[in-house]
Amino acid sequence: MTVTTHEPLTVTLGSSGVTPEDVVAVARHDARVAISPDALDAVAKVRAHIDELAHSEVPAYGISTGFGALANRHIPNELRTQLQKSLIRSHAAGMGPAVEREVVRGIMFLRAKTLASGRTGVRPVVLQTMVAVLNAGITPVVREFGSLGCSGDLAPLSHCALVLMGEGEAAGPDGELYGAKSGTKGARPVAELLAEHGIEPVTLAEKEGLALVNGTEGMLGMLLMAIADIRQLLTTADITAALSVEALLGTDQVFLPELHAALRPHPGQAASADNMLRVLSNSPIVASHRINDTKVQDAYSLRCAPQVAGAVRDTVDHAAMVASRELAAAIDNPVVLPDGRVSSNGNFHGAPVAYVLDFLAIAVADLSSIAERRTDRMLDPARSHGLPAFLAADPGVDSGLMIAQYTQAGLVSDNKRLAVPASVDSIPSSAMQEDHVSMGWHAARKLRRAVENLRRVLAIELVTSARALDMRTQLSGGELTPGPAGAAVVAALREVVDGPGADRFLSPELEAADLLVASGRIRAAAESAVGNLA
């Protein structure tokens, strides 16, 4: 697997797998995909073996038989092309809104990775067509509901496979919809979209229908992107937590390194504590109350911020380990083994991925919850140590950030609902043949929403802590200012969000802060003052 860093970015598929960065590059940044000659040779050799089995008198599952609960029926040669078409058409049964473009591209790239492994038995043309569709910027329409996370993400992958056949629904590079649902006027067929890009629809041969749909690519792709997003937000969460500690006249002494790795050796906790200590370094506000401070201890939402954020960090690391194992897998059923055997198996079950998706949703909910508690504390004059109520310019006339906290509370409440595990559920399907399923796709879908909610929660904490710091400076006649990191972060925010003042239309400011958090500029601003953060 190689990634070239020149433009355009290119990811080369070999038979040995890909990296999480490759998946993000293709899914989100439209990196081009190439196939190594060695991978194509391996795919062709395995296909020759499948062709021999297809013409054998001995039935082979998925090659000369039906599927699932219909696996006992032998399919004659003249019906096998129809069998493959029927499989994809019938399994492309999703409903609901279309999922995001990056999710679909992740699904297709990961399935192409599996096809390139030489363990699925497809012809090279199937792999080449999938890659051609990706490189053309064509995006199959995949619906929200349809996958149970067992036998793979069947419906999502089938919607992708249908486009390779010149059928189904897809969006072109310009977003125009082709092959729209029955009853939609004026839509052109997907085959025309493929033809415009010089792509010939594939007529699937034996085994190829199953090979296109029997994998965990949907839930895995969303897991990999969620891990990338959460890692960025974790550093931002340490920064906003430190700014809140600063604004609330909290102590930085609880973040000293001797209190963390040496006493409680969780690596995530030590990393978050170090981040917060560095963001608070050289702060005149922090220094102003180190002596003669009447507070005995800070509230848990301040003092325990590294313990909570650190636990999330360690959970992400565990999820990344599981994702790396799944990324190294070649999942299909049946699968072609190195010795030539074609063997049925249960590797398509999504339990390993589903569990960590649910685990991450729990961690994300808790991180958003502790951030909201800090925000609420800054708005309450009984607990904010001298700040005006709701950080309003004229409390009573102005409401300040009162309702911003309502929005934050609503997001946190939503995350608590999203933290309810999907993987504890199982609904039997396929006439009880598939009698235990993972619900991993649903775990992935709710995690995506939870991560978006967390980002917005942190944006609101950022707006609140920045306003609180500005007010500290104003109330002290300019003497009490944030440290270099806090000042840099506030300055970055002030480029898009004005400082304290009379009430104004708040929603656009919160949205601007959200975009700032998503861009990574908050981390960059802090690092400009204190160096690289974990």
Side-chain angles (χ1 to χ4, degrees), residues 59-75 83-84 86-96 99 107 110-111 114 119-121 142-162 207-223 322-323 325-326 329-337 341-359 361-362 418-447:
Y61 175 68
I63 298 173
S64 55
T65 73
F67 312 114
L70 304 176
N72 293 326
R73 180 180 172 184
H74 182 266
I75 307 298
L83 172 68
Q84 303 303 316
S86 295
L87 171 71
I88 301 302
R89 289 169 180 165
S90 65
H91 285 43
M95 293 184 69
V99 303
I107 291 172
L110 284 167
R111 199 59 197 165
T114 298
R119 293 285 163 259
T120 67
V142 173
R143 300 292 171 182
E144 179 83 21
F145 298 99
S147 175
L148 299 181
C150 199
S151 289
D153 289 313
L154 287 175
L157 283 160
S158 295
H159 280 271
C160 295
L162 203 57
K207 176 69 174 68
E208 291 176 338
L210 278 179
L212 286 170
V213 303
N214 246 318
T216 59
E217 282 77 10
M219 63 185 92
L220 176 58
M222 286 186 276
L223 172 61
V322 173
R325 292 171 177 170
E326 194 74 0
I331 293 175
D332 196 11
N333 182 48
V335 67
V336 185
L337 296 173
R341 283 179 293 157
V342 179
S343 181
S344 293
N345 64 90
N347 286 338
F348 48 71
H349 200 288
V353 182
Y355 293 165
V356 294
L357 286 162
D358 280 334
F359 197 177
I362 292 169
L418 294 168
V420 175
S423 58
V424 299
D425 188 25
S426 175
I427 297 180
S429 57
S430 192
M432 292 298 288
Q433 176 74 3
E434 298 166 9
D435 59 352
H436 183 83
V437 298
S438 77
M439 294 297 181
W441 172 270
H442 293 269
R445 295 304 297 164
K446 66 185 182 66
L447 177 60

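Side chains included, hydrogens not; waters and symmetry mates left out as well; all remaining heavy atoms used. Remember, predicted model here, so these are calculated numbers, not experimental data.
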- Item | Non-neighbouring partners of R325 that pass side chain to side chain donor-acceptor pair (under 3.5 Å), sequence neighbours left out | none
- Note on the structure: Only one of L148, L154, D435 passes side-chain contact (heavy atoms from CB on, under 4.5 Å) with S429, and that residue is L148
- Which heavy atom in S147 sits nearest to a heavy atom in P156, and how many Å separate them? CB-CD, 3.7 Å
- CA sep, side-chain torsions, deciding dist, call: H442, L357, side chain to side chain contact (heavy atoms under 4.5 Å, CB included): CA-CA 9 Å; H442 293 269; L357 286 162; over 6 Å; no
- Check whether more than 12 heavy atoms from other residues, nucleotides or ligands sit under 6.0 Å from atom CG of L337, and answer yes or no. yes
- Message: Treating N347 as the side-chain partner and I331 as the backbone partner, does any N or O pair qualify as donor plus acceptor under 3.5 Å?
- Response: no
- d(L212 CG, K207 NZ) to nearest 0.5 Å is 9.0 Å
- Identify the heavy atoms of L220 and E326 that sit nearest to each other, and give their distance. CD2-CG, 3.8 Å
- Query: Roughly how far, to the nearest 0.5 Å, is CG of D332 from CG of N214?
  - Reply: 5.5 Å
- Message: For M222 versus A444, what's the shortest heavy-atom pair and its separation?
- Response: CE-CB, 3.5 Å
- Steps toward side chain to side chain contact (heavy atoms under 4.5 Å, CB included) verdict (M219, S438): CA-CA 11 Å; M219 63 185 92; S438 77; 4.2 Å; yes
- Item | Verdict with supporting geometry, V322 and F359, side chain to side chain contact (heavy atoms under 4.5 Å, CB included) | CA-CA 12 Å; V322 173; F359 197 177; over 6 Å; no
- Item | Verdict with supporting geometry, I107 and D153, side chain to side chain contact (heavy atoms under 4.5 Å, CB included) | CA-CA 9 Å; I107 291 172; D153 289 313; over 6 Å; no
- Query: What residues, two or more places apart in sequence or in another chain, satisfy salt bridge (charged side-chain N to carboxylate O under 4.0 Å, His left out) together with R445?
  - Reply: E100, E144
- Query: So which heavy atom on I88 is nearest to which on L162, and how close?
  - Reply: CG2-N, 3.6 Å
- Item | Whether T216 side chain and G350 backbone form a donor-acceptor pair below 3.5 Å | no
- Do you know the tightest heavy-atom contact between L157 and V213? CD1-O, 3.2 Å
- Item | A354 to S423 - nearest heavy-atom pair and separation | CB-CB, 3.9 Å
- Please answer whether the main-chain N or O of A211 pairs with a side-chain N or O of R111 as donor and acceptor at a distance below 3.5 Å. yes
- Query: Who passes side chain to side chain contact (heavy atoms under 4.5 Å, CB included) against L418, sequence neighbours left out?
  - Reply: D414, N415, K446, R449, A450, N453
- Find the distance between CG (D358) and CG (L447) and round it off to the nearest 0.5 Å. 8.5 Å
- Message: Below 30° counts as parallel, above 60° as perpendicular, anything between as tilted: where do the rings of H436 and H349 land?
- Response: parallel
